[in-house]
Amino acid sequence: MSEPVIPGAPAGVRLRPHLGDLAVYAPGASSGVPEGVPIVKLSSNEGAEGPTPAALAALAAEAPELNRYPDSGALHAALAAAHGLTADMVAASPGADMSIAYLASAFLGPGDDVVFAWPAFVSYALTAQKQQANAIMVPLKDDTHDLDAMLAAITPETSMVYVCNPNNPTGTYVTRDQLRAFVDALPEHVVCVVDEAYAGYVLEDDFPNAIEEYVKAGHPRVAVLRSFSKIYGLAGLRIGWLAAPAWIIDASIRVRGPFDVSSMATAAAIASLGDHAEIERRGQENAVRRESLRAKLAAVGVATTGVANFLTVTVEDGQATTAALMQRGVIVRPLNGFGSPNQVRITIGSDADMAQTEPILVDVLSR
Ligand SMILES: Cc1ncc(COP(=O)(O)O)c(C=O)c1O
């Protein structure tokens with residue numbers, strides 16, 4: 001008798017055969033530290049701070065209205081106004097991750113190719129697999145997108161290409177000029193999705209703003225992902241969004257579920273958007289903490305990459321290093337699941353997190 005597609009599925013049921021091959025997203029670890037050792041979680045690139053004060057107030061105000069179904073219209077208007085777009089050029093979703101799933105549903109099917117760098121964000125690979133599309137994974141060069149190799153990988157079957165900027169997990173970025181040259185060279189049948197989930201943290205002058213430079217400027221085939229999970233501190237609420245030409249937004253809306261973004265998420269996102277000073281402060285303070293850790297590691301000969309809220313380090317064995325840090329209460333992310341067994345990724349936490357973990361990170365990583 002043949003094996004069931006999913007373990008435990010009763011004989012005879014008609015599951016789609018490819019489900020058996022699908023990998024399940026593995027989140028960064030939250031536990032595993034010996035009892036009694038204080039824990040700091042630096043494994044999931046979450047924001048170091050929670051919701052903004054304005055978002056917390058908006059959540060409290062929204063709670064009594066939860067008998068109503070949500071309406072994302074006000075959020076779409078606010079997002080559009082904040083970026084000089086029209087409301088038909090934005091679509092909120094339950095996390096940027098779900099926008100990736102919508103794009104995959106709209107653009108990918110059996111026989112289609114999607115091109116992206118590797119290691120990059122795993123959802124590009126998982127959503128392609130769900131659609132039974134071909135994931136064309138182009139190895140990073142020096143931990144950075146190899147844009148020439150990505151262009152060379154494009155075929156008539158390529159529907160989409162992702163540029164993860166800055167890249168998760170290596171934290172490196174594609175410059176404004178590099179992105180421009182890449183987009184200009186793309187053939188007309190390819191949609192370029194620029195994933196800017198971490199854009200709020202990047203302070204480099206030559207880092208592009210793809211919403212401004214492509215979507216607002218009217219490029220017909222560039223879409224941009226943003227997230228409220230990181231600098232806005234709303235990961236637990238699940239809210240992200242897509243900025244794109246109206247036709248791409250229309251396509252993504254056709255494949256989404258009804259009422260996919262909750263009214264709590266909508267209210268918190270609108271309130272967060274208005275608080276520029278708070279977001280600016282978070283970005284600056286993250287950079288100070290990140291550069292402090294980078295300098296301390298450099299002083300003991302450990303090189304790092306990253307311009308967002310995480311640093312990536314090359315070690316002998318990522319899982320062994322992660323286990324050694326876990327023994328001392330520091331949870332980081334080994335990158336074996338991203339196809340990079342000799343790297344670990346360290347999220348930049350709060351001041352208190354970093355005060356506690358810096359000496360441990362320096363000690364373990366310098367061995
Ligand atoms: C590059 C990148 N894109 C998208 C996401 C998904 O973000 P969200 O929490 O909004 O689904 C993440 C989450 O870690 C990410 O690293």
Side-chain angles (χ1 to χ4, degrees), residues 25-30 41-48 50-51 55 72 75 79 90-104 114 116-128 137 140 143-145 160-174 192-202 207-208 210-211 223-244 252 256 260-262 264-266 268-269 272-273 286 305-312 332-333 335 337-340 343 345-349:
Y25 180 77
S30 308
K41 183 185 175 208
L42 304 178
S43 55
S44 293
N45 286 355
E46 294 148 334
S72 300
L75 175 56
L79 287 168
V90 299
S93 63
D97 226 339
M98 199 51 88
S99 292
I100 294 169
Y102 296 161
L103 288 167
V114 53
F116 52 90
W118 195 249
F121 189 46
V122 281
S123 285
Y124 312 151
L126 298 180
T127 51
M137 298 151 91
L140 296 174
D143 289 323
T144 307
H145 280 60
M160 269 199 309
V161 54
Y162 290 100
V163 177
C164 189
N165 210 28
N167 187 43
N168 176 15
T170 53
T172 54
Y173 70 101
V174 168
C192 179
V193 180
V194 186
D195 185 343
E196 296 188 339
Y198 298 95
Y201 291 111
V202 186
F207 180 71
I211 295 184
V224 181
L225 296 162
R226 293 279 179 102
S227 175
F228 282 95
S229 297
K230 309 297 177 182
I231 202 161
Y232 292 101
L234 292 173
L237 208 50
R238 310 306 300 125
I239 174 87
W241 60 289
L242 180 69
S252 82
R256 78 178 178 201
D260 61 343
V261 176
S262 74
M264 296 295 261
T266 301
S272 304
L273 267 183
N286 168 74
T305 56
V307 295
N309 67 331
F310 55 96
L311 287 178
T312 299
V332 300
R333 183 79 181 245
L335 299 186
F338 289 75
S340 193
Q343 288 186 311
R345 193 192 65 193
I346 307 158
T347 303
I348 303 301

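Atoms within each ligand, like the ligands themselves, are counted from 1 in listed order.
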query: Is there a side-chain contact between L79 and L273 (heavy atoms, below 4.5 Å)?
result: yes
W241 side chain near L75 side chain, heavy-atom distance below 4.5 Å: no
- prompt: In terms of side-chain heavy atoms, does T172 have a donor or acceptor partner in D143 at a distance below 3.5 Å?
  reply: no
Put together the list of close N/O pairs, under 3.5 Å, between ligand 1 and the protein, could you?
| from | atom 1 | to | atom 2 | distance (Å) |
| --- | --- | --- | --- | --- |
| ligand 1 | 3 (N) | D195 | OD1 | 3.2 |
| ligand 1 | 3 (N) | D195 | OD2 | 2.6 |
| ligand 1 | 9 (O) | S229 | OG | 2.6 |
| ligand 1 | 9 (O) | R238 | NH1 | 2.9 |
| ligand 1 | 9 (O) | R238 | NH2 | 3.4 |
| ligand 1 | 10 (O) | A96 | N | 2.7 |
| ligand 1 | 10 (O) | S227 | OG | 2.7 |
| ligand 1 | 10 (O) | S229 | OG | 3.3 |
| ligand 1 | 11 (O) | A96 | N | 3.1 |
| ligand 1 | 11 (O) | D97 | N | 2.9 |
| ligand 1 | 11 (O) | R238 | NH2 | 2.7 |
| ligand 1 | 14 (O) | Y198 | OH | 3.4 |
| ligand 1 | 14 (O) | K230 | NZ | 2.8 |
| ligand 1 | 16 (O) | N168 | ND2 | 2.7 |
| ligand 1 | 16 (O) | Y198 | OH | 2.7 |

- request: List in chain and number order the residues that pass side chain to side chain contact (heavy atoms under 4.5 Å, CB included) with T347, two or more places apart in sequence or in another chain; answer none if no residue qualifies.
  value: L42, N45, N309
- prompt: In this structure, which one of Y25, F116, F338 forms a ring pair (Phe, Tyr, Trp, His ring centres under 6.0 Å) with Y124?
  reply: F116
- prompt: So do Y198 and V307 actually touch side chain to side chain, heavy atoms under 4.5 Å?
  reply: no
